[in-house]
Structures are given as C-alpha cells and as structure tokens.
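My questions all concern the structure below.
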Amino acid sequence: MVSTPAQSASQPQYATHDVTNQAPPLAPYDASEDRALLEGLRREGAGWAEDDIRRLGLRAGSEEAQEWGELANRHEPELRTHDRYGHRIDEVEFHPSWHHLMRTAVAEGLAGAPWADDRTGAHVARTAGGLVWGHTEAGHGCPTSMTYAAVPALRAQPDLAKVYEPLLTSRVYEPGLRVPTEKPGLLAGMGMTEKQGGSDVRTNTTTATPTGEPGVYTLRGHKWFTSAPMCDVFLVLAQAPGGLSCFLVPRILPDGGRNTFRVQRLKDKLGNRSNASSEPEFDRTVAWLVGPEGRGVKTIIEMVNCTRLDCVMSSATLMRKTLVEAGHHARHRSAFGARLFDQPLMRNVLADLALESEAATTLTLRLAGAADRAVRGDAGERAFRRIATAVGKYWVTKRGPAFTAEALECLGGNGYVEDSGMPRHYREAPLLSIWEGSGNVNALDVLRALGREPDTAEALFAELALARGADARLDTAVAGLKDQLAGTDQTGARRLVERMALALQASLLVRHAPHPVADAFCASRLAGDWGHAFGTLSSGTDLDAILERALPGRK
C-alpha cells in the first residue's frame, strides 16, 4: 500500500485547486447608497422619508432579502384549477419567499398607501422606496404597482371607492381569497387586453350585461394578460350596451361565494417569472360599473398613467442594481496584472453605464414629483406629467435591455450563469418596454398628447427652459426639438420622443448633477461625441468623478 501525506483538517481530501480572483458575494450591501436617488428624494419634496429609505435600502441589500428574490424566482407560482374533490378553485400557490417580499413591500407603503398619506411628497417617497426595494426582485412589483394605480381609477365611482379605497391603501398584506371587505388589506389587478387586440383595447369582445340591480353587470369573455390572479379585485374592460366600460371584479363575492374567474393557464414568460400572469375566462362573472358606460378607457387611463411611471422606475432600478453588481465584480476581479476597475477601458464602460443610470433615476424622481404635485391640484405639473411620463416610459425602458446586457458582460462568463443573478435581470428588462404599451404605443401617445392637449408641449418646454443658457449643446438640442415638433408625423414619432427624452434628461442633469456628469451626458447623448455602444465616452471625460459619484467607496 502506498502511503499519502496527511490532509489538513481545513482542506478537502481531494482538493485540486484554490478559489482565487473571484468577487465575494455583494450582499449585504446598502441599496440606498445612491447619491442621485437621495438628492432627487429631497429635491422632489420627500426628504422627510430619507431615514425610511435608508433603512429599506439596508434591508433590500441584506442576505435574507436577496435570497428571497432568488427563491421566489427559482420556485415559480403554480396554478391549481381544482381542489382534491374536483371543485373549481383557480388559485395560485407561491413560495414563502414571495409572501415575504410582498409583506415588506406593502408594509413599507409601496402599494396603495400614498393615496391615504396627506404629506407632500408621499408619491415621491413611494417611488424612491421602489427604487431601493426593487433590488430584491422585480416580479412582486407588479401587484403592488397595480394596487397603487387602481385607487385613482376607482375614484370615478365614489360609492365603490368609499368601500375599497381604505383597504387598497392599507399597509397590511394578507394573502388568500376571502370576502374583500373582511380582510385588513387588499391587492388589485387589471384585465384590459385580449388576444385579438392587445393594446387596441377598443376591439375587446368581452361583454357586460346589466342585471336588475343598479350598477351590477355580468361579464362573459376571455382576457389575454391579466396580472396577477391572486389579487382580491380587478379593474376590467368590457363592452356594455353604452360602449367599452370599466368594471370592478372581485374574486370573492360579498356573500362569500366564488366569482367566476376561471384561470385557463399561467403565461410561460421570458422573465418576471416569480409573478403569475394569467388568462382568465369570465362566464356570468359579477362586476360593478366604475365610471359611466362607454368611458372605460378614460376611466382606466389614470391606472395606466401610474403603472407607466412604475415601468420607468423599475427600469431605473434594474439599471442601478446591475451597475452595482458590475462595479462590485470589477473591484474584486483582476486580469492582465490589474484590477478590472482600475483599467481605463473598463472604467469607460462603467462610467458610461453610470451616466445612463443617473439620468434614468433623476428622470424617474422628477416624474414622481410631477405626479405628486398633480394629485394636489397643480395644473402645470399635470400637463408635464401627461407628456413626460409617456416620453420617459418610451425611452428609459428602451435603454434597459442594452444596459443590463452590458452590465452582465462586465462579469464575463461569470455573468452568463444563473448563479450570478444577472440572467434574471437581463430577462426582466424587455418586459418594462412592453408592459403598459410597447414603444410604438407610447410614441404615438406622445403625438396624441401634442395634438389634443397643447398645454403638454408648453409644460415640457417650460421645464427645458429652466436650464436655458447653462449648456450650449442643450440649447441647440432644444431649438432643434422645437423645429422638429412642427413637422413630425407617425413615421418620425420614435425619433421625436427619443430627442425629447434626451433633452429632458440632460436638462435635469445640467441643473442638478455635478458638472462632470452633466458635461459627459451632454457631450455623448446630445452632441454626438459617442459611439454606438456603452464604453465609448471621449478621452477627455472625467471618468473618476463620475465613478466616485456612482460607486462611492465600494471595496
């Protein structure tokens, strides 16, 4: 027998290599360590929430919360159409981690709570909370977003709002199907699209038949994308005798019986897999009219405006999360004799991503500020919100997939494996451009606003004028935008909206960001001193200042 040397007690018996040159886990970290976010929070009137945002940021970056996000996506929701006895139940089962994420989000006011908060900046505080808590995972942001958005739409029917609004604005999360008025808090979903029309909801074929009871109808039809089926109530569009109308559909009726809400299947989606999206069938489904008959789109559009803001917020969150991941990896990984973070080309890539991230975050908080002030009666902010939200929804969500792909590439092969978490972020990114109207829908919505509501253009240019004279490149861009505005038809809508978005982001950075950030953004995005991929900033860019602001002191 051949003898072998004794193995060290701390070493595996058959070890063949040591693990070196790998980044340690990012968690725990502070998801609120973002100067652009905190400055925007204060600037838009919600500085009073900073302690809460910082506390939530630490929780979002904790090992526990990060694991919740991973588990909620690894163990996807499962549809149970029937119980063991054959009764139709149409329930969706989730991993406990989903419920942990939801419970925290609702308790922190990320669902409907701002509508019950009279403090100035309440809606800004919620958006900032989403920007940090979204570092956990994106899927559970869908039901919280729709619950938030349902409140202003429901107010079109005051008698229903009186009953349901206190429950939708609650900070209590209680899963499970029960009589809505017997629960301490509710979640709301939305059923607009159908397979034949998608965003063209006026082609909907679901019918609403009046009953003998005022305001009560029965629905018959099939919805194509309804998120999320575990919610308590839904706002649904259907064809009533007076035209397309909005209805409130509860899963459980006031007498405790189950409303007909047959979930045919859950969507097998590219991303957003922790969240259940469904195809429900209505058959004599009881529903309550919200707003007048024939005004369904006008009624539910308030919901859409809110969820579009959340699309911008979620894209900005993904950008920030993946930037932090990329920066962390680059600080701990070495190649060719130096840390990646210290190599000029990698610094150019990270700085370019940092510019995009800050522009997205700053615009998100400006839109949230406009929403908050519009709710409080500011007509100018209402007009600005109307056009700027559609502009932001188009552009920021369009930038998300390219951004997350570049951030993933910073990790190289390590970023391409599921364990890194980057593939999950990459799969999530395209959803935000598709949800609540794809790029074309939002570009056309901007044209519609310009044509039908002239005060929206006035509000946009009034905002841009606040930075007049501060940067010649911005002044040139705004002048060109005015010239382009007069002659743009549908063919040029995307080009127009892109220029609007870049001018708006540049104006915000010129006014509020440090000079190196604003200068680099204007030089690259407005003046064309840029390539066609991230990491192509000019040699004169102050990369150190940009990176120190975006990734301060991260070791």
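Small disclaimer: the values here were computed from a predicted structure and weren't measured.
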Exercise. OG1/T361 to CZ/R366 distance, rounded to the nearest 0.5 angstrom?
Worked result: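 Atom-to-atom, T361:OG1 and R366:CZ are 15.5 Å apart.
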
Exercise. Is there side-chain contact between N259 and R251, with at least one heavy-atom pair below 4.5 Å?
Worked result: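 Of all side-chain heavy-atom pairs linking R251 with N259, none is under 4.5 Å.
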
For this session: Using the test ring-ring contact (aromatic ring centres under 6.0 Å, His included), find all partners of Y217 that sit at least two apart in sequence or belong to another chain.
Result: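 With neighbours one apart ignored, the set is F247.
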
For this session: Decide if atom CZ of R295 counts as having more than 12 heavy atoms of other residues, nucleotides or ligands within a radius under 6.0 Å.
Result: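 Counting neighbours around CZ of R295, 12 or fewer heavy atoms of other residues, nucleotides or ligands fall under 6.0 Å, so no.
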
For this session: Using a 4.5 Å cut-off on heavy atoms from C-beta on, say whether the side chain of T147 contacts that of T169.
Result: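 No, every pair of side-chain atoms sits at 4.5 Å or beyond.
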
Exercise. Taking atom types as modelled, is there a side-chain donor on H425 or K321 under 3.5 Å from an acceptor on the other?
Worked result: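 Judged by distance alone, the side chains do not pair up.
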
Problem set entry | Pairwise distance CG(L318) to CZ(R424) - rounded to 0.5 angstrom |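 CZ of R424 is found 9.5 Å from CG of L318.
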
Problem set entry | Rounded distance [0.5 Å steps], CG in L168 versus CE in M146 |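 Output value for this atom pair is 12.0 Å.
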
Exercise. Hey, is CG on D118 packed in by over 12 heavy atoms from elsewhere, all under 6.0 Å?
Worked result: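 Result for CG/D118: open.
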
Problem set entry | Short side-chain to backbone donor-acceptor contact, D232 and L186, under 3.5 Å |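 Judged by distance alone, no pair lies under 3.5 Å.
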
For this session: Report yes or no: is the cationic atom of K223 (NZ for Lys, CZ for Arg) closer than 6.0 Å to the six-membered ring centre of F282, at no more than 45° off its axis?
Result: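 Because its charged atom misses either the 6.0 Å distance or the 45° angle limit, K223 does not stack over F282.
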
For this session: Using a cut-off of 6.0 Å, state whether more than 12 heavy atoms not belonging to R468 lie near its atom CZ.
Result: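 No, because the 6.0 Å sphere around CZ of R468 holds 12 heavy atoms or fewer from other groups.
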
For this session: Would you check, one step at a time, whether the test salt bridge (charged side-chain N to carboxylate O under 4.0 Å, His left out) holds for D352 with R525?
Result: CA-CA 11 Å; D352 211 352; R525 274 65 169 174; 2.7 Å; yes

For this session: State which residues pass side chain to side chain donor-acceptor pair (under 3.5 Å) with R273; sequence neighbours excluded, sorted by chain then number.
Result: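 Result, side chain to side chain donor-acceptor pair (under 3.5 Å) vs R273: E76, D268.
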
Problem set entry | N275 to A228 - nearest heavy-atom pair and separation |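 Smallest heavy-atom distance, with atoms named: OD1-CB, 3.5 Å.
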
Exercise. Is the shortest side-chain N to carboxylate O distance from K195 to E279 below 4.0 Å?
Worked result: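 No, K195 and E279 are not salt-bridged.
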
For this session: Could you give me the CA-CA distance, side-chain angles and deciding distance for E302 and R385, then say whether salt bridge (charged side-chain N to carboxylate O under 4.0 Å, His left out) is met?
Result: CA-CA 12 Å; E302 274 302 312; R385 174 203 182 200; 3.7 Å; yes

Problem set entry | Polar side chain donor-acceptor pair, S245 to E293, under 3.5 angstrom |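 E293 and S245 do not have a side-chain donor-acceptor pair below 3.5 Å.
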
For this session: Please name the pair of heavy atoms, one in A316 and one in T364, separated by the smallest distance, quoted to 0.1 Å.
Result: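 Smallest interatomic distance, heavy atoms only, reads CB-OG1, 3.7 Å.
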
Problem set entry | For the student: nearest non-hydrogen atoms of P166 and V163, plus distance |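 Of all heavy-atom pairs spanning P166 and V163, the closest is CD-O, 3.7 Å.
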
Problem set entry | For S278, side chain to side chain donor-acceptor pair (under 3.5 Å) partners two or more places apart |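 So S278 forms no side chain to side chain donor-acceptor pair (under 3.5 Å) with any residue.
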
Problem set entry | Rounded distance (nearest 0.5 Å) linking atom CE of M102 with atom NE2 of H140 |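 It comes to 7.0 Å.
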
Problem set entry | Min side-chain heavy-atom separation I300-M192 under 4.5 Å |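 A side-chain contact exists here, since the closest heavy-atom pair is under 4.5 Å.
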
For this session: Side-chain contact test, heavy atoms from C-beta onward, threshold under 4.5 Å: evaluate it for L353 versus F403 and give yes or no.
Result: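 The answer is yes, as the side chains (C-beta and beyond) meet within the 4.5 Å cut-off.
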
Exercise. Ignoring hydrogens and geometry, is there a side-chain-to-backbone donor-acceptor pair from K393 to A388 under 3.5 Å?
Worked result: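 The answer is no, because no donor-acceptor pair under 3.5 Å joins these two groups.
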
Problem set entry | Working for side-chain contact (heavy atoms from CB on, under 4.5 Å), residues R494 and N440 | CA-CA 7 Å; R494 283 188 173 218; N440 282 356; 2.8 Å; yes

For this session: Using modelled atom types only, decide if a donor and an acceptor are shared between the side chain of T127 and the backbone of A368 within a distance under 3.5 Å.
Result: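 No, the answer is negative, given that no donor and acceptor are paired below the 3.5 Å cut-off.
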
Exercise. With the threshold set at 4.0 Å, does a side-chain nitrogen-carboxylate oxygen contact exist between D159 and K162?
Worked result: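 No, D159 and K162 are not salt-bridged.
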
Problem set entry | salt bridge (charged side-chain N to carboxylate O under 4.0 Å, His left out) assessment of D378 paired with R382 | CA-CA 6 Å; D378 188 320; R382 186 181 300 111; over 6 Å; no

For this session: Please identify each residue that fulfils salt bridge (charged side-chain N to carboxylate O under 4.0 Å, His left out) with D475, with sequence neighbours left out.
Result: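 By the salt bridge (charged side-chain N to carboxylate O under 4.0 Å, His left out) rule, D475 matches no residue at all.
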
Problem set entry | Matching residue for W133 among L110, T144, T317 - test: side chain to side chain contact (heavy atoms under 4.5 Å, CB included) |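 Considering L110, T144, T317, a side chain to side chain contact (heavy atoms under 4.5 Å, CB included) with W133 is found only for L110.
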
For this session: Please tell me if the side chains of R308 and W435 come closer than 4.5 Å, counting only heavy atoms from C-beta onward.
Result: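 In short, these two side chains do not touch, never coming nearer than 4.5 Å.
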
Exercise. Under the 3.5 angstrom rule, does the side chain of S433 hit a backbone N or O of P430 as a donor-acceptor pair?
Worked result: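 Pair absent, no side-chain N/O of S433 close to backbone of P430.
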
For this session: For the residue pair R320 and V324, establish whether any side-chain heavy-atom pair is separated by less than 4.5 Å.
Result: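 A side-chain contact exists here, since the closest heavy-atom pair is under 4.5 Å.
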
For this session: Might you point out which heavy atoms bring L41 and E50 nearest each other, and give the distance in Å?
Result: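 Taking L41 first and E50 second, the nearest heavy atoms are CD2-CA, 3.7 Å.
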
Problem set entry | Side chains of N204 and Q196 in contact at under 4.5 Å (non-hydrogen atoms) |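 The answer is yes; the side chains approach within 4.5 Å.
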
For this session: Decide, yes or no, whether a salt bridge links D34 with R549 under the criterion of side-chain N to carboxylate O below 4.0 Å.
Result: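 R549 and D34: not salt-bridged.
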
Exercise. Under 3.5 Å, is there a donor-acceptor pair linking the side chains of E436 and T307?
Worked result: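 Per modelled atom types, E436 and T307 side chains form a pair under 3.5 Å.
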
For this session: List in chain and number order the residues that pass side-chain contact (heavy atoms from CB on, under 4.5 Å) with L496, two or more places apart in sequence or in another chain; answer none if no residue qualifies.
Result: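 L496: side-chain contact (heavy atoms from CB on, under 4.5 Å) contacts with L447, L450, L481, Q484, L485, T488, M500.
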
For this session: List the steps, then state whether side-chain contact (heavy atoms from CB on, under 4.5 Å) holds for I546 with F521.
Result: CA-CA 11 Å; I546 296 169; F521 189 91; over 6 Å; no

Exercise. Between E358 and A513, what is the shortest heavy-atom contact and its length?
Worked result: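 For E358 versus A513, the nearest heavy atoms are OE2-CB, 3.6 Å.
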
Exercise. Is there a side-chain contact between V233 and Y164 (heavy atoms, below 4.5 Å)?
Worked result: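 SC-SC contact between V233 and Y164 confirmed.
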
Exercise. Cation over ring, R126 on Y148, under 6.0 Å and within 45°?
Worked result: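 Judged by the rule (NZ or CZ under 6.0 Å from the ring centre, within 45° of its axis), R126 counts as positioned above Y148.
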
For this session: Could you please spell out the steps behind the side-chain contact (heavy atoms from CB on, under 4.5 Å) verdict for S507 and L474?
Result: CA-CA 7 Å; S507 71; L474 176 57; 3.9 Å; yes

For this session: Test side-chain contact (heavy atoms from CB on, under 4.5 Å) on S277 and K269 and set out the steps.
Result: CA-CA 8 Å; S277 299; K269 298 173 292 185; 3.0 Å; yes

Problem set entry | Heavy-atom closest contact (C306 atom, W115 atom, distance) |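 Closest approach of C306 to W115, heavy atoms only: SG-CZ2, 4.1 Å.
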
For this session: Indicate yes or no for a side-chain donor-acceptor contact from D117 to the backbone of A113 under 3.5 Å, with no hydrogens or angles considered.
Result: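 Flag not set: sc D117 to bb A113 has no pair under 3.5 Å.
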
Exercise. If you count the non-hydrogen atoms of other residues, nucleotides and ligands that lie under 6.0 Å from CD in E409, is the total more than 12?
Worked result: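 At most 12 heavy atoms, drawn from other residues, nucleotides or ligands, come within 6.0 Å of this atom.
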
Exercise. If you measure from CG on N272 to CG on L431, what distance do you get to the nearest 0.5 Å?
Worked result: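 Reported to 0.5 Å precision, the distance equals 5.0 Å.
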
Exercise. Is there a donor in the side chain of T206 and an acceptor in the side chain of E194, or the other way round, less than 3.5 Å apart?
Worked result: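 A pair is found: one side chain offers a donor N or O, the other an acceptor, under 3.5 Å apart.
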
Exercise. Quick one: side-chain contact (heavy atoms from CB on, under 4.5 Å) partners of A150, sequence neighbours excluded?
Worked result: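 Expected list: A188, L235, M303.
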
Exercise. How long is the span from the CZ atom in R386 to the CG atom in N305, to the nearest 0.5 Å?
Worked result: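 Going from the CZ atom of R386 to the CG atom of N305 covers 6.5 Å.
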
Problem set entry | salt bridge (charged side-chain N to carboxylate O under 4.0 Å, His left out) between R511 and D471, worked out | CA-CA 10 Å; R511 289 160 55 200; D471 188 289; over 6 Å; no

